[in-house]
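Note that the structure is a prediction, hence the values are computed from the model and not measured. First listed ligand is number 1; within each ligand, the first listed atom is number 1.
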Amino acid sequence: MIPLVEKFADTDIWNQYLDYQQSLLGETDGKARWFFSPWLFVECYMYRRIHEAIIQSPPIDDFDVFKESKDQNFFESQESVIALCTYLQELISTLEVLDENQLKNEFFKFLQISLWGNKCDLSLSGGETSSQKTNIITSLGELQAFILVNDMEHLWALLRPGKETETDSAAAVRVAIVLDNSGFELVTDLVLAHFLLSSRLATEVHFYGKTIPWFVSDTTRRDFTWLVEQAKSSSDKYLSRCGLDWESYLKVGKWVYHDHIFWTLPHEFCAMSQVAPDLYTELQKAHLILFKGDLNYRKLTGDRKWEFTVPFHQALNGFHPAPLCSIRTLKAEIQVGLQPGQGEELAASEPSWLTTGKYGIFQFDGPL
Ligand SMILES: O=P(O)(O)OC[C@H]1O[C@](O)(CO)[C@@H](O)[C@@H]1O
Ligand SMILES: [Mn+2]
């Protein structure tokens, strides 16, 4: 693990972190290196080194090596994307007549769509195609059995109409979504955000993406804008309707896209208030923060070898800008907040339960 040389916004922080990792090693350990240093660190470092190679190579210094596969994932998921947008637009026209229970059911549906959308990342599949080919809405029922931690009720309690915390019905309700993968997963997140606004469960949604190409399929500002443009220019009337709505949400500021270098640093999130206090302050403005995906979960929990039953709140190690929820399919060998015996039982019947993306969680850490 050699220091970064090319001057970039995060170069110094990265090199300090390399020194820090080296300082954790004993005299006989040698240099920090692949297969020896913590996986979270070396894996992030690999993607940052790819970026270093690119920025050292004008005129392709803003080339995104993963762009083509991200775009392909979106195109290959067309049918599912259209099915989702059709469902959403038709639902919106009936929203006024839904009672509270029906609204809650729809909210839960969009949350689950966003959860299973996280199966579609390109890092786990080694860059091989990982698009969504079936209609996810009709599969939600059978997938429910694979949700290991389900705190959706807490999210409802936090956002539902007439919630206890509501003093002024016109008050702003900000939901933050820390994005993960572009392509199909991003569509599921946008559809969820669209539903939140249309149903007035939220008044503004803030998205957080990556400043550089990351873990193959993660969303950058360019991916985000590209996807909205693609939707807009689609020949499908529901998808193009969604694209137009998304564009206008962005224009009027009901949707805001933010990037910050912190998301592509190797630090766990409990270091955010120190390393990126401005971002921490920004997140504190949210009523609820949704963290999408596996890598965010690893960073939330510090990617440590926690016991399965350790409370989520403890694993967060003081990270609590606002009530937050991880929405993640399991792809890495870490999981906290399970019932006693739950992890052991799964391990006995299915040794790869932690890494295949088959299982999912909605894991919530509420108001303090
Ligand atoms: O896109 P996600 O859900 O963060 O998944 C990425 C995951 O894939 C891997 O790169 C490989 O399993 C993990 O390191 C990482 O946590
Ligand atoms: Mn990802």
R328 and ligand 1 - part of the residue with a heavy-atom distance under 4.0 Å: neither
Ligand 1 atoms in contact with N118 (distance to a heavy atom under 4.0 Å): 3 (O)
Chi angles and distances behind the salt bridge (Lys or Arg N to Asp or Glu O under 4.0 Å) call for D236, R241: CA-CA 8 Å; D236 178 81; R241 185 67 227 256; over 6 Å; no
Pair Y87-E106, side-chain donor/acceptor within less than 3.5 Å: yes
Ligand-residue contact atoms, ligand 1 with K331, heavy atoms, under 4.0 Å: 1 (O), 2 (P), 3 (O), 5 (O), 12 (O)
Any N/O pair L295/ligand 1 closer than 3.5 Å: yes
Short N-O contact, R298 and E43, less than 4.0 angstrom: yes
Within one Ile-Leu-Val-Met-Phe-Trp-Tyr cluster: W214 and I60, side-chain cutoff 4.5 Å: yes
Numbered atoms and elements of ligand 1 in range of W39, under 4.0 angstrom, heavy atoms: 13 (C), 14 (O)
Identity of the N, O or S atom of D218 lying closest to the Mn ion (ligand 2): OD1
Face-on cation placement of K67 at W226 ring, 6.0 Å and 45° thresholds: yes
Close side-chain approach of V81 to L239, heavy-atom, < 4.5 Å: yes
Ligand 1 versus K292: contacting region, heavy-atom distance under 4.0 Å: neither
Y280 side chain to Q284 side chain, donor-acceptor N/O pair below 3.5 angstrom: no
Lys/Arg N to Asp/Glu carboxylate O, D189 vs K292, below 4.0 Å: yes
Distance-only N or O hit between ligand 1 and N181, under 3.5 Å: yes
Heteroatom distance test (D180, ligand 1): nitrogen or oxygen, under 3.5 angstrom: yes
Residues E153, K104: salt bridge by 4.0 Å N-O rule: yes
Metal proximity, N181 vs the Mn ion (ligand 2), N/O/S cut-off 2.8 Å: yes
Ligand 1 contacted by Y297 (non-hydrogen, < 4.0 Å): no
Metal check, the Mn ion (ligand 2) vs D180 N/O/S, cut-off below 2.8 Å: yes
Polar atom proximity, R298 to ligand 1 (N or O, under 3.5 Å): yes
Ligand-residue contact atoms, ligand 1 with E43, heavy atoms, under 4.0 Å: 9 (C), 10 (O), 13 (C), 14 (O)
